[in-house]
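Working notes for the structure below.
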There are 2 protein chains.
Amino acid sequence: MKSYLTHLECTACGLIHDASELHTVCTACAKVLYPRYDLASVARVLSPWDLAPREQNMWRYFEVLPVLDATNVATLGEGGTPLMRANQLGESLGCTDLYIKDEGLNPTASFKARGMAAAVSKAKELGVTKMMVPSAGNAAGAMAAYAARAGLEAHLFMPKSTPQSNILESGIAGAEVELVDGHIGDAGRIARERAVTTPMFDMSTMKEPYRVEGKKTLGYEIAESLGWTLPDVIVYPTGGGTGLLGMWKAFAEMEEMGWLPNSNRPRMIAVQAEGCAPVVKAFLEGADHCEPWENAQTVAAGLRVPGPYADYLILQCLRESGGTALTVTDDEALACVREIAVAEGIFACPEGAATLAALKKLLADGTIDKDERIVLLNTGSGLKYLDLFSG
Amino acid sequence: MKSYLTHLECTACGLIHDASELHTVCTACAKVLYPRYDLASVARVLSPWDLAPREQNMWRYFEVLPVLDATNVATLGEGGTPLMRANQLGESLGCTDLYIKDEGLNPTASFKARGMAAAVSKAKELGVTKMMVPSAGNAAGAMAAYAARAGLEAHLFMPKSTPQSNILESGIAGAEVELVDGHIGDAGRIARERAVTTPMFDMSTMKEPYRVEGKKTLGYEIAESLGWTLPDVIVYPTGGGTGLLGMWKAFAEMEEMGWLPNSNRPRMIAVQAEGCAPVVKAFLEGADHCEPWENAQTVAAGLRVPGPYADYLILQCLRESGGTALTVTDDEALACVREIAVAEGIFACPEGAATLAALKKLLADGTIDKDERIVLLNTGSGLKYLDLFSG
């Protein structure tokens with residue numbers, strides 16, 4: 001297996017960057033860089049059906065992943081999570097073709113493992129030894145784990161309100177942890193201050209080019225699980241939006257390689273918390289950027305992102321796909337944690353359960369039809385949020 | 001795919017039981033029943049290399065699993081967990097060929113998912129609607145999840161000292177939970193009392209014939225990950241011993257089907273906690289049964305099993321394999337949780353980490369050589385034991 005990575009391209013101004021060098025954001029306009037591949041060559045050497053015998057983790061898509069030398073891959077078995085029919089839940093909603101993609105089965109029990117596996121591996125390949133990241137929770141735990149696996153140093157900056165599970169798992173893996181007053185934006189500010197005195201590579205989502213590459217394997221997997229077709233709708237809990245963008249990027253790549261029999265893309269639906277909904281506000285106002293959300297508050301730590309860096313890409317994706325954006329309350333999300341667990345035996349995180357709360361609204365207002373093929377993305381395990389359920 | 005299940009056989013007296021009926025233990029001698037298969041026919045229709053394109057969960061071994069009708073399978077994506085080289089840990093120990101099988105990536109974050117997926121699915125196939133189980137923790141959480149997935153009723157009996165994570169995940173999935181003074185033996189007594197007034201099928205490990213079938217897929221997976229060869233040594237944290245016995249059964253089945261190029265079996269090593277070590281005591285005394293352990297105490301909830309029902313089979317397996325049994329202290333196990341996390345990024349449960357503590361002793365006394373191929377079995381995620389690491 002060989003990676004067909006060719007270069008990095010700015011998603012805003014199109015400027016090309018050298019992928020053999022360490023980059024963060026566009027050197028001209030400071031917007032998000034996307035890795036690009038020689039997809040025509042991949043299409044020649046690989047058919048999607050060739051993938052079948054490969055190991056079912058995200059590295060089965062090695063040709064369209066950015067690590068050149070497989071010995072740099074730091075893996076804990078991320079990806080290859082089940083896309084499960086949710087028939088009992090579907091029955092109670094009247095839906096005939098409902099699925100849950102359960103990312104709780106990843107290492108560190110969340111989908112952040114995908115992004116960090118790709119980004120930490122690539123950082124190692126490019127000579128990084130010290131990394132830092134601000135995180136609302138699961139990204140920190142994932143970076144700590146992959147840094148340990150890769151033999152690199154991790155410095156983590158988290159709000160004090162971060163779930164205890166994330167703080168503990170990070171410390172146990174040997175990462176340096178600093179707890180910060182405020183939200184993930186404040187954690188980012190402090191992290192960048194610290195990085196001035198101690199040089200550390202910034203692994204903030206969408207500010208380095210490779211976390212999205214790990215996340216995009218979600219899109220490849222969903223297509224592969226459905227026999228190289230795509231669902232009608234994907235409902236996605238949107239914090240930084242990297243998973244949403246990753247899937248959207250994957251669909252474009254697969255289409256370019258001729259891996260999909262038609263060009264029907266899913267409608268992408270962003271779910272946010274009522275207490276932190278910058279994307280929903282911008283989407284409804286027809287804006288192409290988000291205003292930073294004041295006093296962000298939600299128990300769904302992964303949704304506590306007041307100003308996603310890739311806001312313009314998220315809004316583009318929602319509109320291009322014919323999707324939408326909506327909020328749910330914390331109470332609605334938490335009730336749906338129980339509903340999913342009782343109906344299907346899946347203990348979802350509140351972010352993941354928020355997609356069910358959103359689905360109910362979208363079925364009620366006719367945005368989604370009951371016979372459509374619907375995928376709810378559960379981004380992680382409820383086991384990391386036990387404090388919300390005790391007592 | 002078709003199951004080649006033929007009958008149930010008593011592991012002690014050999015009496016045959018009809019596998020189309022619901023059974024618990026041997027009707028003649030009350031010992032453990034094992035499902036048997038028409039392995040000669042499986043060998044004719046299936047080569048191990050045919051498995052490659054199948055989905056990487058435990059149901060890929062459908063021919064040697066007990067569910068006849070695939071529509072009865074209640075799956076959450078169990079199995080297919082990574083067998084990872086632990087090079088950094090190996091380096092610090094001087095070991096050149098060290099692996100960790102990480103069962104934390106299962107649904108409900110523990111290897112109990114395998115056994116419960118098989119047993120709940122088979123119980124459903126045989127018409128069971130209400131099940132009960134006494135559990136020291138993770139088995140309860142797994143049964144709650146699979147019962148929900150299968151649409152069956154679960155009644156769980158756990159010691160009050162059970163980790164909070166297990167109590168919460170069970171309740172969230174809608175199971176009836178009763179907390180009991182004492183250990184898992186006491187929970188079993190209460191469960192059997194309750195089952196007199198409310199008929200409920202007893203899913204206690206090794207007292208029903210199918211949990212071991214789910215666990216045996218560990219053995220198939222280890223062989224498949226190693227190109228259909230077996231390691232020299234498997235170090236296994238032993239509570240009820242179902243995983244150990246399951247692997248041993250799998251090795252025998254694979255050998256009978258000609259799936260292994262030679263008959264070299266691993267030495268099986270049982271690790272127990274110093275505060276609850278009935279198997280170690282019996283092994284060292286040359287006994288063929290265990291005496292119930294008084295005042296069982298360990299933070300490793302899965303090892304808090306004072307009288308494993310399949311004691312005679314565990315002891316047979318250790319002896320036949322040329323293995324051994326030894327104890328570690330809770331402090332040694334907890335220190336190894338940190339050591340594994342820092343070296344490899346895997347947040348193991350204390351039971352899993354106990355295998356590393358044991359390995360160190362076995363390397364020191366020459367029981368294991370540094371160049372042997374060693375597999376440590378991490379039975380679940382440390383995320384379910386956060387109370388041990390906070391503060």
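Atom set for the values below is all heavy atoms of this structure, side chains included, hydrogens, waters and symmetry mates excluded.
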Name the option with the most non-hydrogen atom pairs under 4.5 Å to chain A; the candidates are [options].
{"options": "A173(B), S165(B), G80(B)", "value": "A173(B)"}
{"options": "G77(B), A145(B), G104(B)", "value": "A145(B)"}
{"options": "A52(B), A343(B), S381(B), G174(B)", "value": "A52(B)"}

Checklist entry - Which residues pass the salt bridge (charged side-chain N to carboxylate O under 4.0 Å, His left out) test with E344(A), sequence neighbours left out? => result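 So E344(A) forms a salt bridge (charged side-chain N to carboxylate O under 4.0 Å, His left out) with R149(B).
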Given a strict heavy-atom distance threshold of 4.5 Å, which part of [X] is in contact with chain A: side chain, backbone, both, or neither?
{"X": "T75(B)", "answer": "backbone"}
{"X": "A147(B)", "answer": "neither"}
{"X": "P53(B)", "answer": "both"}
{"X": "F347(B)", "answer": "side chain"}

Checklist entry - Given a strict heavy-atom distance threshold of 4.5 Å, which part of A150(A) is in contact with chain B: side chain, backbone, both, or neither? => result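 Looking at A150(A), just its backbone touches chain B.
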Item to check | T81(A) versus chain B, the contacting section by heavy-atom distance below 4.5 Å | outcome: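 Neither; nothing under 4.5 Å.
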Checklist entry - How close do V342(A) and I172(B) get, heavy atom to heavy atom, and via which atoms? => result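 For V342(A) and I172(B), the tightest heavy-atom pair comes out as CG2-O, 3.4 Å.
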Next on the checklist: I need the minimum non-hydrogen distance between A148(B) and A341(A), along with the two atoms involved.
Outcome noted: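 What the structure gives for the nearest pair is CB-O, 3.4 Å.
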Next on the checklist: With heavy-atom distances below 4.5 Å as the criterion, would you say the side chains of L105(B) and P107(A) are in contact?
Outcome noted: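 Yes; the side chains approach each other to less than 4.5 Å.
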Next on the checklist: Within the structure provided, determine whether L76(A) and I346(B) are in side-chain contact (heavy-atom separation under 4.5 Å).
Outcome noted: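 In short, these two side chains touch, coming nearer than 4.5 Å.
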Checklist entry - Does anything in residues 110-117 of chain B get under 4.5 Å of chain A by heavy atoms, and if so which residues? => result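 Contacts with chain A: none.
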Next on the checklist: So, taking the atom named CD in Q56(A) and the one named CZ in R60(B), what distance separates them when rounded to the nearest 0.5 Å?
Outcome noted: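 Result: 7.0 Å between the selected atoms.
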Item to check | Among D387(B), L383(B), L168(B), side-chain contact (heavy atoms from CB on, under 4.5 Å) partner for L386(A) | outcome: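 When D387(B), L383(B), L168(B) are each tested with L386(A), the side-chain contact (heavy atoms from CB on, under 4.5 Å) holds only for L168(B).
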Checklist entry - Taking everything shown except E91(A) itself, do over 12 heavy atoms lie less than 6.0 Å from its CD? => result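 No, CD of E91(A) has 12 or fewer neighbouring heavy atoms, counting only those of other groups under 6.0 Å.
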